[in-house]
Amino acid sequence: LTCGDFTSRQFNSMTISWGSIGVMWNKPFIQVVVRPSRYTFEFMQKYPHFTVCAFPEPYRHALELLGSESGRDGNKIAKAKVTPSNGLVVDAPVFMEANLIFECRKIHMDAFHPQKFIDPVIEKSYNGSNYHAIYYGEILAISGDRTLYT
């Protein structure tokens with residue numbers, strides 16, 4: 001997940017594993033969740049666009065680094081050796097090494113409310129704090145390597 005503005009070089013990325021893809025409000029969407037403690041949260045709050053990029057297996061180490069280190073502490077994107085680039089239609093960056101790219105415009109944001117958890121096991125993911133914010137992004141563009149998905 002990457003949010004921010006490529007042209008101004010104001011962006012951050014993080015590896016995500018929770019989310020969904022579907023149709024909502026008659027629009028194709030990607031739904032992602034970000035904890036307020038993550039540096040990417042600041043960018044998700046400030047900027048209107050985000051991208052979700054999938055990478056081939058050789059980039060597993062880069063994704064582990066993007067998911068475990070904070071962009072507050074240094075340039076983890078350079079350390080991960082991935083190359084940000086302009087998207088087709090949004091201001092948020094995409095990555096040259098990605099083999100599947102979704103470019104999205106935020107259309108809804110909310111937060112998880114623990115009093116609304118029906119299954120009490122969910123609370124174990126939070127220890128009473130740092131509940132995810134939920135973002136729905138309308139998918140504006142999809143690009144990728146078709147040969148990998150046939």
Minimal heavy-atom distance between F50 and I30, with the atoms involved, is CZ-O, 4.0 Å
Measuring from F55:CZ to F95:CZ, what's the distance to the nearest 0.5 Å?
5.5 Å
How about P84 and I77: do any of their side-chain heavy atoms sit closer than 4.5 Å?
yes
Look up atom CG in D110 and atom OH in Y135, then write down how far apart they are to the nearest 0.5 Å.
10.5 Å
Note, M109 side chain near I134 side chain (heavy atom, < 4.5 Å)
no
Is the shortest heavy-atom distance from the side chain of L1 to the side chain of T40 under 4.5 Å?
yes
For the CD atom of Q10 and the SG atom of C3, what is their distance to the nearest 0.5 Å?
12.0 Å
Decide yes or no for V52 and V32: does some side-chain heavy atom of the first lie under 4.5 Å from some side-chain heavy atom of the second?
yes
Is it possible for you to say whether I16 and F29 belong to one hydrophobic cluster, with membership spreading through side-chain heavy-atom contacts below 4.5 Å?
no
Got a sec, which hydrophobics cluster with Y47, joining ILVMFWY side chains under 4.5 Å apart, including via others?
Y39, F43
Among side-chain atoms of E97 and T83, is any donor-acceptor pair under 3.5 angstrom?
yes
Considering only Ile, Leu, Val, Met, Phe, Trp and Tyr, and joining two whenever side-chain heavy atoms are under 4.5 Å apart, list the other residues clustered with L88.
V89, V90, L140
List the atom of H49, the atom of D91, and the distance in Å for their closest heavy-atom pair.
ND1-N, 3.4 Å
Please tell me whether M24 and V33 are part of a single hydrophobic cluster in this structure, the criterion being side-chain heavy atoms less than 4.5 Å apart.
yes
By side-chain hydrogen bond (donor to acceptor under 3.5 Å, both in side chains), S20 pairs with (sequence neighbours left out) Q31
Any heavy-atom pair between the side chains of C53 and T2 that's under 4.5 Å?
no
Is the shortest side-chain heavy-atom distance between W25 and I107 below 4.5 Å?
yes
Partners of F6 by ring-ring contact (aromatic ring centres under 6.0 Å, His included), sequence neighbours excluded?
none
In Å and rounded to the nearest 0.5 Å, what is the CD1 to CD1 distance from I142 to I21?
8.0 Å
Can you get from V94 to L66 by hopping between Ile, Leu, Val, Met, Phe, Trp and Tyr side chains that sit under 4.5 Å apart?
no
So which atom in Y131 and which in E123 form the shortest heavy-atom distance, rounded to 0.1 Å?
OH-OE2, 2.8 Å
Can you check whether K106's main-chain N or O pairs, donor with acceptor, with H108's side chain at less than 3.5 Å?
no
For the atom pair CD (E57) and OH (Y59), what is the distance rounded to the nearest 0.5 Å?
12.0 Å
Looking at residues at least two apart in the chain, or sitting in another chain, which of them share a side-chain hydrogen bond (donor to acceptor under 3.5 Å, both in side chains) with R38?
none
So which atom in L65 and which in K79 form the shortest heavy-atom distance, rounded to 0.1 Å?
CD1-CG, 3.7 Å
For S13, does its backbone N or O pair with a side-chain atom of K76 as donor and acceptor, under 3.5 Å?
yes
Do E64 and T15 have side chains that get closer than 4.5 Å, going by heavy atoms?
no
Evaluate the ring planes of H132 and Y126, with Trp represented by its six-membered ring, and classify them as parallel (under 30°), tilted (30 to 60°) or perpendicular (over 60°).
perpendicular
In terms of heavy-atom contacts, P93 and T51 come closest through O-OG1, 2.6 Å
Please enumerate all residues that pass side-chain hydrogen bond (donor to acceptor under 3.5 Å, both in side chains) together with E138, with sequence neighbours excluded.
R105
Answer yes or no: is there a side-chain heavy-atom contact under 4.5 Å between M14 and E69?
no
Can you tell me how far CZ of F117 sits from OG of S125, rounded to the nearest 0.5 angstrom?
8.0 Å
More than 12 foreign heavy atoms under 6.0 Å from NE2 of H61: is that the case here?
no
Can you establish whether the number of heavy atoms outside R60 located under 6.0 Å from its atom CZ is more than 12?
no
For residues A80 and A62, report the shortest heavy-atom separation together with the two atoms involved.
O-CB, 3.4 Å
